[in-house]
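Structure first, then comments.
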Amino acid sequence: MTPEEAYSIRLISEVKLSELGLFHVETWIENEKYKSAIYLNKQRITFGGNESQPAFYNGYLYYVKSSKKEATLFRQKPYGEPEKLVTLAKIYKFAFHKQGILIVGEEKVPPSTVFSANKLKYRFDGRGLFRTRQSLFLFSDSLRKIVSGDFDVTDVATNGERVVISATKEQDDYGLSDIYEVDINSGELKKITKGEGVVISVDMDEKGRIAYLGHRKGKAPWAVREVIFPEEDKSYLCGKTCGNTVLSDLFDNVKERIVFKEDRVMTLGQTGGEVHLYSITDGKVEKLTEGNIVVRGFDFLKDKIVYFYSTPEKPVIMKYGDEVYDPNPQVKGLSPVKIEGEIEGWGIITDPRNPTILFIHGGPHMAYGYAYFIEFQFFASHGYNIIYANPSGSQGYGEDFAKACVGDWGGKDMKELLDFVERARKKFNLTGKLGVTGGSYGGFMTNWIVTHTDIFSAAISERSISNLVSMCGTSDIGFWFNAIEAGIEDPWSKEGIDKLMKMSPIYYVKNAKTPTMLIHGEEDYRCPIEQAEQFFIALKMNGVPAELVRYKGDGHEHARRGIPKNMMDRLKRKLEWFDKYLKS
């Protein structure tokens with residue numbers, strides 16, 4: 001399998017039911033660019049190459065066509081010509097109101113070489129410097145801004161009359177959000193949520209009732225999420241946490257959502273490495289799907305349900321009633337084997353004599369599970385065994401487990417991973433060399449491991465963390481996230497700096513001996529590239545074989561939704577590095 005073949009799959013990124021039938025959006029890579037198109041009842045109906053967000057309303061098809069520089073909302077009569085309605089820098093969502101179309105988007109701003117910051121959060125990974133923010137607009141005969149400021153409107157919901165939004169208005173620096181009712185004539189806001197927390201997605205039924213996916217536990221990245229009815233003081237848990245934190249490197253760009261209509265809420269729920277579809281009706285939570293799958297998107301209309309899911313063997317399958325649609329019938333990945341023990345883990349074993357790579361997920365409050373991984377299958381096709389697990393800190397096992405790594409990064413979690421490696425070696429009688437790789441927190445753990453043990457013959461650390469102190473001043477979220485994860489109040493106090501340094505791999509770099517490649521996007525604002533630069537220079541000065549690979553134009557998502565030619569180059573370089581040190 002070549003990197004080009006690995007990324008030749010087609011993915012589903014959206015599904016939408018309407019009176020016309022089933023809309024879905026497919027995404028693929030063509031000529032080193034992302035492409036997407038809208039399908040109706042599995043027949044392609046748009047051909048520009050960048051269409052998404054289909055909706056059918058009052059006899060018109062509405063959709064968004066995007067490019068790097070702008071996004072345009074179109075409407076089209078059946079068999080008619082597309083009509084441009086609104087062009088903005090970005091359009092995240094639109095919804096229909098009796099006065100027009102509500103749009104969450106960003107305005108275009110003229111380019112400038114000067115930027116002035118006066119807030120802690122002045123840039124964000126994937127968005128760059130905040131020259132503009134996400135606002136709520138209303139389009140009728142013209143475009144009118146309804147809600148805006150030095151914060152983000154993150155979602156909108158309406159029944160055609162009442163309007164609510166989620167926004168980071170009061171705690172924007174820390175990414176906390178609330179729900180507000182909006183007077184669309186005056187722009188006046190009335191706060192609905194109480195306390196502090198996070199709103200992932202909000203929706204409203206035909207009667208004007210509100211439900212959202214999120215939590216009210218303040219600055220708590222490990223918090224279990226629920227479906228919450230804020231005006232009824234009710235909340236419901238689906239599985240071990242609502243939503244989906246199971247990682248994949250699929251480039252579908254799927255967004256988490258909640259759907260509330262016909263007195264029914266539908267959402268996802270996760271238990272360990274599985275993610276399923278759940279329904280909440282009359283206060284009862286019902287699990288609708290089964291098996292070793294990760295549901296990634298869904299919709300429903302009356303008694304009809306559509307959803308799409310991933311498995312370790314299949315990138316995506318769409319299920320609509322009795323119909324099953326696989327856009328990649330030629331793809332059949334190798335199946336993982338469950339590795340029983342203290343933590344949940346899996347192995348894709350090609351041959352016990354082959355070298356084995358331990359993959360470590362990011363977050364840390366994310367998880368591995370039953371989703372397709374392009375990279376796993378790529379390395380398996382080149383004669384590697386793949387092992388991966390969910391140590392303390394992973395989501396999907398309850399809040400206590402998700403919080404168990406706080407203040408102890410590199411402690412219990414590393415021990416669990418090393419014990420997991422030993423269990424895998426014994427279970428499968430693995431005799432080849434060992435490699436380790438991971439991204440973000442997985443990159444931190446890779447750096448930590450090579451400064452604390454020599455059992456691995458090679459390492460590849462991606463979008464990594466090496467110095468938790470410097471990251472506090474350079475990351476878009478580091479100033480609060482690092483402090484909370486380290487269990488300290490003030491990252492700039494002497495005690496805070498001391499704790500952060502002693503939790504940093506750079507502090508122990510003199511111990512490192514493992515040949516290490518560092519891969520980083522130059523526009524990563526989550527774990528800035530200076531983190532890789534520090535570790536690379538320290539390794540080189542101490543005589544450790546090291547290589548720094550920098551990707552121009554890529555941010556923190558470089559391995560999932562990066563520039564396609566960079567993603568393919570990345571697989572090639574990773575394979576060459578591991579071949580050099582694990583197969584010689």
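FYI, the numbering just counts along the sequence from 1. Because the structure is predicted, anything quoted here is derived from the model rather than measured.
In the displayed structure, Lys304 atom NZ is contacted under 6.0 Å by at most 12 heavy atoms of other residues, nucleotides or ligands. Other residues, nucleotides and ligands contribute over 12 non-hydrogen atoms within 6.0 Å of the NZ atom of Lys287.
When only modelled atom types and interatomic distance are considered, Tyr212 and Asp203 share no side-chain donor-acceptor pair under 3.5 Å. Counting only N and O atoms by type, the side chains of Ser177 and Thr154 include no donor and acceptor under 3.5 Å apart. Counted by atom type alone, His276 and Glu274 present one or more donor-acceptor pairs between their side chains at under 3.5 Å. Side chain to side chain, Thr46 and Glu51 meet the donor-acceptor criterion of an N or O pair below 3.5 Å. Between the side chains of Trp28 and Glu26, not a single donor N or O lies within less than 3.5 Å of an accepting N or O.
By the 6.0 Å and 45° rule, Lys219 stacks over the aromatic ring of Tyr174. Cation-pi geometry between Lys240 and Tyr397 is not satisfied (NZ or CZ under 6.0 Å from the ring centre, within 45° of the ring normal). Cation-pi check for Lys65 over Tyr63 is not met; the charged atom does not lie both under 6.0 angstrom from the ring centroid and within 45 degrees of its normal. Arg561 forms a cation-pi arrangement with Tyr34, by the criterion of a distance under 6.0 Å to the ring centre and an angle within 45° of the ring axis. Taking the centre and axis of the six-membered ring of Phe481, the NZ or CZ atom of Arg526 falls outside the cone set by 45° and 6.0 Å. Remark: Arg296 is not positioned above the aromatic ring of Phe308, lacking an NZ or CZ atom under 6.0 angstrom from the ring centre and at most 45 degrees off the axis. Relative to the ring axis of Phe137, Arg144 does not place its NZ or CZ within 45° and under 6.0 Å from the centre. Cation-pi check for Arg264 over Phe260 is not met; the charged atom does not lie both under 6.0 angstrom from the ring centroid and within 45 degrees of its normal.
In this structure, Glu14 contributes its side chain and Gln53 its backbone to a donor-acceptor pair below 3.5 Å. With hydrogens and angles ignored, the 3.5 Å screen pairs no side-chain donor or acceptor of Asp249 with any backbone N or O of Arg560.
Checked options Tyr62, Phe56, Tyr60; the residue passing with Phe96 is Tyr62 (criterion: ring-ring contact (aromatic ring centres under 6.0 Å, His included)). Exactly one of Glu181, Glu231, Glu232 qualifies for a side chain to side chain contact (heavy atoms under 4.5 Å, CB included) with Ile210. That residue is Glu231. Here the options are Arg10, Lys35, Met567, Lys565, the test is side chain to side chain contact (heavy atoms under 4.5 Å, CB included), and the partner is Ile29; only Met567 passes. Of the options Lys93, Arg127, Lys69, a salt bridge (charged side-chain N to carboxylate O under 4.0 Å, His left out) to Glu106 is made by Arg127 and by none of the others. Applying ring-ring contact (aromatic ring centres under 6.0 Å, His included) to Phe373 and the options Tyr388, Tyr368, Trp346 leaves one that passes, Tyr368.
Going from atom NZ of Lys145 over to atom CG of Leu138 covers 14.0 Å, rounded to the nearest 0.5 Å. Taken to the nearest 0.5 Å, the CD1 atom of Ile280 stands 10.5 Å off from the OH atom of Tyr278. Remark: Glu206 CD to Arg162 CZ distance equals 14.0 Å, nearest 0.5 Å.
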| task | Show the numbers, then the answer: is there a ring pair (Phe, Tyr, Trp, His ring centres under 6.0 Å) between Phe376 and Phe359? | result | CA-CA 9 Å; Phe376 290 1; Phe359 282 78; 4.8 Å; yes
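Ring orientation note: the planes of Trp222 and His365 are nearly perpendicular, at an angle over 60° on the 30°/60° scale.
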